[in-house]
Visitor: 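Attaching a single structure in structure tokens format; questions to follow.
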Amino acid sequence: MTLVDHQVADLPGITLHTVETTKYKTTSLILQLKSPIVEEEVTKRALLPFVLQSGTERFPSSKELREALDSLYGATLGADLSKKGEYQVITLRIDVANEKFLSDNTPLLDRAFELLSDVLLKPAKQGNAFLSEIVQKEKRSLKQQIESIYDDKMRYANKRLIEEMFEDEPYRFNVYGSEKEVDAITPEILYDYYNKVIQEDEIHLYAVGDVSREVLKDLTAKHFVFPNAKTEPKRISATGKRRVDEVKEIFEEQEVQQGKLHMGYRTYITYSDPDYLPLQIFNGVFGGFSHSKLFMNVREKESLAYYAASRFESHKGIIFVMSGIETNNYEKTVKIINEQLKEIQNGNITDAELDQTKAMIRNQILETVDDSTGLVEVLYHEVVSRHKRSIEEWLEGIENVTKEQVVGVSKKIELDTIYFLKGRGDA
Amino acid sequence: MHNMEQIHFKQLKETLNFKTLDNGLKVFVLEKKDFNKTYATFTTNYGSVDNHFVPLGKSESVKVPDGIAHFLEHKLFEKEHGDVFQDFSKQGASANAFTTFKRTAYLFSTTGDVEKNLTTLIDFVQAPYFTEKTVEKEKGIIGQEIRMYDDNPDWRVYFGLIANMYQKHPVAIDIAGTVESIAKITKDDLYECYDTFYHPSNMLLFIVGPVDAEKIMELVEKNQAGKDYKDKPPIQRFFDEEPAQPGKRKEVLNMPVQTPKCYMGYKEKRPEREGKELLLRELSVNLLLEMMFGKSTKNYEKLYNEGLIDPSFSFDYTEEQGFGFSMIGGDTTDPDTFADTISRMVEEFKKQDLNQDDLERARKKKIGSFLRALNSPEFIANQFTRYEFNGMNLFDVIPTFEDLTAAHLEEALHDHFQESQLTICQVKKKQS
């Protein structure tokens with residue numbers, strides 16, 4: 001038996017991924033729309049999913065659409081955005097209760113397919129424009145979402161690090177776009193952009209639940225009918241292969257109680273590289289877990305922080321380190337973090353560290369695929385990278401990584417930028 | 001020894017296995033054969049509000065420093081041989097813990113050796129090891145945890161609202177305490193709290209995942225039989241009498257934010273319910289909130305159209321013995337108009353008869369979201385424990401929603417949403 005019963009079918013305009021499982025009491029339909037990050041489009045693209053989920057031809061206001069969803073036993077409709085390497089991905093998702101657990105005979109799944117398809121293909125519009133009330137409201141809401149990043153100091157520090165580190169790459173743009181670009185977007189401009197998205201984006205639908213593949217395929221074919229033959233989606237390969245000449249150090253000051261230290265590293269390794277699995281182990285030894293060097297040294301040994309961790313972006317090939325510290329402990333903490341990378345580069349990894357890391361990653365992968373969101377996240381890596389790696393291959397690959405490979409990977413890693421948001425006054 | 005009981009929930013297609021052991025520990029096992037992951041929580045009925053009590057074996061009550069339950073949670077992981085986190089990760093499990101107002105939970109999840117990790121969980125929680133040195137070391141770490149929350153405006157406004165409501169009850173105190181209060185904690189304080197609150201009869205173990213319930217039960221039973229627990233008198237906890245009304249009408253916090261926040265809530269006058277009565281109350285008020293402010297309501301549409309709310313808007317009602325409140329809030333560009341509009345909407349809603357269609361739609365929505373929540377083993381274990389400690393059963397939620405009548409709702413509406421119980425907490429931009 002395979003761990004994940006994942007199958008792919010190419011339908012006109014859309015690729016359907018089905019995962020049959022009895023794990024859940026709901027069925028999830030997750031649409032992923034992929035397009036490269038483009039400076040002129042990033043804010044329009046950020047606004048689009050929120051406009052789409054606010055009204056359809058049949059339910060032209062958010063209130064009517066939400067009433068329809070509530071009547072389907074609280075089917076949830078959600079929109080989100082993410083950056084995957086050089087791509088800005090739109091997610092539209094609907095979750096609906098599986099009829100098996102209800103004393104009701106409404107064909108919920110069919111209705112859910114119809115609604116999701118309407119959201120994507122039959123939006124509320126007037127002529128060649130979205131409804132201006134909807135666009136107006138969603139512009140305001142998007143601005144507020146962009147502003148709110150500033151209010152969450154960890155998110156803000158991460159955003160600032162990315163802006164500084166990738167100052168001449170498209171990756172620098174925030175996935176929600178830029179506040180000053182929002183005003184210029186009219187219902188017409190956005191509708192034009194929408195047409196382009198339907199025509200050019202690479203669109204994948206993931207259907208996960210206790211429903212047969214045939215039913216899912218029929219429902220997709222019935223409800224997702226695209227107006228024109230689609231153009232070949234655009235591909236770009238990762239940029240930013242440039243080497244680091246000098247570590248950039250950026251300081252900013254605000255009224256915060258705790259300094260937020262964020263560091264960005266270039267690894268030059270992405271999902272499709274053979275070194276990808278050794279990089280995962282590297283990240284685990286470095287800062288991914290509570291046995292990792294960062295946690296053990298910054299927190300447990302020196303009591304400098306509550307959190308000290310690293311994580312990596314699979315398609316951009318970067319590692320981020322983050323820790324919340326007293327402002328006057330900046331130099332001490334950076335020194336300790338730098339030493340931990342050096343330790344690994346010098347081969348100082350114990351067998352216990354390596355084994356623990358492998359056990360934790362194995363556990364993490366298996367747990368991730370228990371959750372439909374996590375599962376789709378994992379499967380979607382293959383779409384972004386055009387590289388297949390089944391869960392079984394992943395698990396086996398992790399098991400086979402050697403210490404030498406991890407050390408080899410660590411030597412490629414370069415610190416690029418340090419961003420520190422520090423407190424004002426007494427510190 | 002008692003036999004294992006089984007409770008079948010037909011509609012949900014779930015079977016819950018249950019046993020109370022000789023030492024009083026309650027054990028629940030839910031088999032989820034399709035999952036990779038097993039999730040287990042070991043929870044004590046002891047949280048941040050339990051700061052005034054008679055310690056085990058003493059006759060006088062004591063008051064302990066703020067934040068001690070949370071401090072104890074951190075320190076329980078440290079043993080003479082090192083950190084238990086490491087033991088779990090060597091065994092392919094990830095461990096964690098959390099402290100709430102009323103509970104402290106220790107947990108792990110694993111896709112590997114469940115039995116070994118379960119034994120580790122039970123044994124580490126049941127073998128405290130506190131020293132002056134390790135207690136001192138933790139003060140720096142928890143100090144940074146407190147600072148992290150100090151910088152988080154959502155956290156501050158949420159706890160600020162609760163602090164407005166409660167004048168005497170310790171729910172108004174930060175769960176982690178303050179840098180000053182934790183400075184006073186000693187290892188002896190920790191032992192005193194531990195001995196009082198970590199007896200098996202005050203605890204619950206919940207295991208959910210692809211396990212064999214019989215085997216798990218046997219393992220736990222053997223483990224506990226090998227430990228020498230004496231019967232123990234009931235714990236005496238003290239709470240000063242809490243006035244029915246909120247202590248403060250309004251509080252404004254100034255922080256470095258761009259978008260202000262406004263949270264408002266109604267303080268429950270009589271938070272003494274338990275069991276079915278509590279479940280009915282929680283579900284009724286939550287359903288009413290959905291009917292008033294859910295995304296498909298006129299009110300939501302109006303608030304959104306006027307730019308008073310954005311997707312961060314949310315609402316909730318929670319009650320446990322000793323405290324209870326509803327909460328409505330989120331980011332808003334105009335926190336004062338937000339507060340006025342929300343309270344006016346509540347008053348308007350109270351004047352009208354409940355609309356039956358709206359009620360049915362809200363009911364369906366709530367049932368659907370509960371089913372969705374049951375996809376998560378974490379939700380099941382954590383919520384089941386909370387329900388059990390309050391004399392409720394998590395699996396009664398759907399039938400109770402189905403049985404809720406307009407009369408129940410009317411009663412809850414007029415009893416809970418009273419102007420005198422309303423309080424507001426806002427975060428506004430700090431002028432620098």
Side-chain angles (χ1 to χ4, degrees), chain A residues 3 21-26 61-63 66-67 69-76 95-97 101-103 133 137 140-141 144-145 147-148 150-153 254-258 289-291 299-300 303-307 324-326 352 355-356 359-360 362-364 366-367 369-372, chain B residues 11-13 32 34-37 83 85-86 89-94 109-112 137-142 144-145 147-148 150-153 255-259 294-298 300-301 304-305 307 310-312 331 333 361-362 364-369 371-372 374-376 430 432:
Chain A
L3 281 162
T21 169
T22 50
K23 276 180 198 173
Y24 313 118
K25 294 190 162 52
T26 55
S61 71
S62 188
K63 181 174 186 305
R66 294 288 157 184
E67 277 176 1
L69 287 159
D70 288 0
S71 306
L72 297 180
Y73 276 89
T76 53
D95 276 85
V96 65
F101 302 100
L102 296 170
S103 34
E133 311 89 80
K137 277 184 281 182
R140 189 168 55 206
S141 174
Q144 221 160 303
Q145 286 205 56
E147 278 183 0
S148 74
Y150 175 87
D151 303 345
D152 179 337
K153 301 307 171 192
Q254 275 188 25
E255 298 277 343
V256 289
Q257 303 287 317
Q258 180 186 60
F289 301 103
S290 63
H291 69 266
R299 173 174 151 145
E300 293 299 307
S303 297
L304 288 168
Y306 171 65
Y307 65 93
I325 55 171
E326 291 289 334
D355 292 347
Q356 251 168 292
M360 291 307 278
R362 181 188 163 77
N363 193 46
Q364 208 171 44
L366 287 168
E367 285 196 14
V369 301
D370 267 350
D371 165 72
S372 65
Chain B
Q11 201 181 2
L12 293 172
K13 303 187 175 45
K32 284 260 185 198
D34 303 312
F35 278 74
N36 298 314
K37 163 167 69 182
D83 191 340
F85 272 116
Q86 309 310 324
S89 65
K90 278 176 202 150
Q91 295 164 195
S94 69
S109 65
T110 187
T111 56
K137 189 202 84 177
E138 205 66 20
K139 289 177 181 173
I141 296 172
I142 296 180
Q144 286 308 317
E145 185 179 4
R147 294 274 182 254
M148 179 181 81
D150 282 347
D151 280 339
N152 183 324
M255 293 184 72
V257 297
Q258 285 186 339
T259 310
K295 280 187 177 167
S296 64
T297 62
K298 280 204 185 76
Y300 186 94
E301 186 177 45
Y304 200 89
N305 285 356
D310 73 4
S312 66
D331 292 355
T333 46
R361 211 174 44 239
K364 280 188 174 174
K365 177 169 182 185
K366 284 288 175 191
I367 291 174
S369 11
L371 277 179
R372 183 167 317 105
L374 290 183
N375 289 340
S376 155
K430 189 163 193 164
S432 49

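Lettering follows sequence order; numbering is per chain, from 1.
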Visitor: With side chain to side chain donor-acceptor pair (under 3.5 Å) as the test, would you mind laying out the steps for A/Q356 and B/S89 before giving the verdict?
Guide: CA-CA 6 Å; A/Q356 251 168 292; B/S89 65; 2.5 Å; yes
Visitor: Measure A/I325 against the heavy atoms of chain B and call it side chain, backbone, both or neither at under 4.5 Å.
Guide: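 For A/I325, backbone heavy atoms alone lie under 4.5 Å from chain B.
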Visitor: Show the nearest heavy-atom pair for residues B/G92 and A/N363, with the distance to one decimal.
Guide: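 Where B/G92 meets A/N363 most closely, the heavy atoms are O-CG, 3.0 Å.
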Visitor: Side chain, backbone, both or neither: which part of A/D371 has an atom under 4.5 Å from a heavy atom of chain B?
Guide: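 A/D371 has no heavy atom closer than 4.5 Å to chain B.
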Visitor: What part of A/R299 lies closer than 4.5 angstrom to a heavy atom of chain B: side chain, backbone, both or neither?
Guide: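 Both parts, backbone and side chain.
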Visitor: With a 4.5 Å cut-off on side-chain heavy atoms, are B/S94 and A/F289 touching?
Guide: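 Side-chain contact under 4.5 Å: no.
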Visitor: Can you tell whether the side chains of A/K63 and B/E301 come within less than 4.0 Å, N to carboxylate O?
Guide: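 Between B/E301 and A/K63 there is no salt bridge, as every charged N stays at least 4.0 Å from the carboxylate O atoms.
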Visitor: Just checking, any donor-acceptor pair under 3.5 angstrom between side chains of B/Y300 and A/S62?
Guide: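 Side chains of B/Y300 and A/S62: no pair found under 3.5 Å.
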Visitor: Select one option (side chain, backbone, both, neither) describing which atoms of A/L304 are under 4.5 Å from chain B's heavy atoms.
Guide: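 Backbone only.
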Visitor: When only pairs under 4.5 Å are counted, which of A/Q145, A/E367, A/H291 shares the most heavy-atom pairs with chain B?
Guide: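 Of the candidates given, the most pairs with chain B belong to A/E367.
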Visitor: For the pair A/D370 (side chain) and B/K37 (backbone), establish whether a donor and an acceptor sit closer than 3.5 Å, ignoring hydrogens and angles.
Guide: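 Indeed, once roles are kept as given, a pair shorter than 3.5 Å links the two residues.
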Visitor: Measure A/Q364 against the heavy atoms of chain B and call it side chain, backbone, both or neither at under 4.5 Å.
Guide: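 Nothing of A/Q364, per the 4.5 Å heavy-atom cut-off to chain B.
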Visitor: Working note: B/K32 + A/K23, criterion side-chain contact (heavy atoms from CB on, under 4.5 Å); need CA distance, chi angles, decisive distance, verdict.
Guide: CA-CA 8 Å; B/K32 284 260 185 198; A/K23 276 180 198 173; over 6 Å; no
Visitor: When you look at A/T26 and B/N375, which way does the side chain to side chain donor-acceptor pair (under 3.5 Å) test go after all the steps?
Guide: CA-CA 8 Å; A/T26 55; B/N375 289 340; 2.7 Å; yes
Visitor: Under 3.5 Å, is there a donor on one side chain and an acceptor on the other for A/D70 and B/S296?
Guide: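 The answer is yes; a qualifying pair exists.
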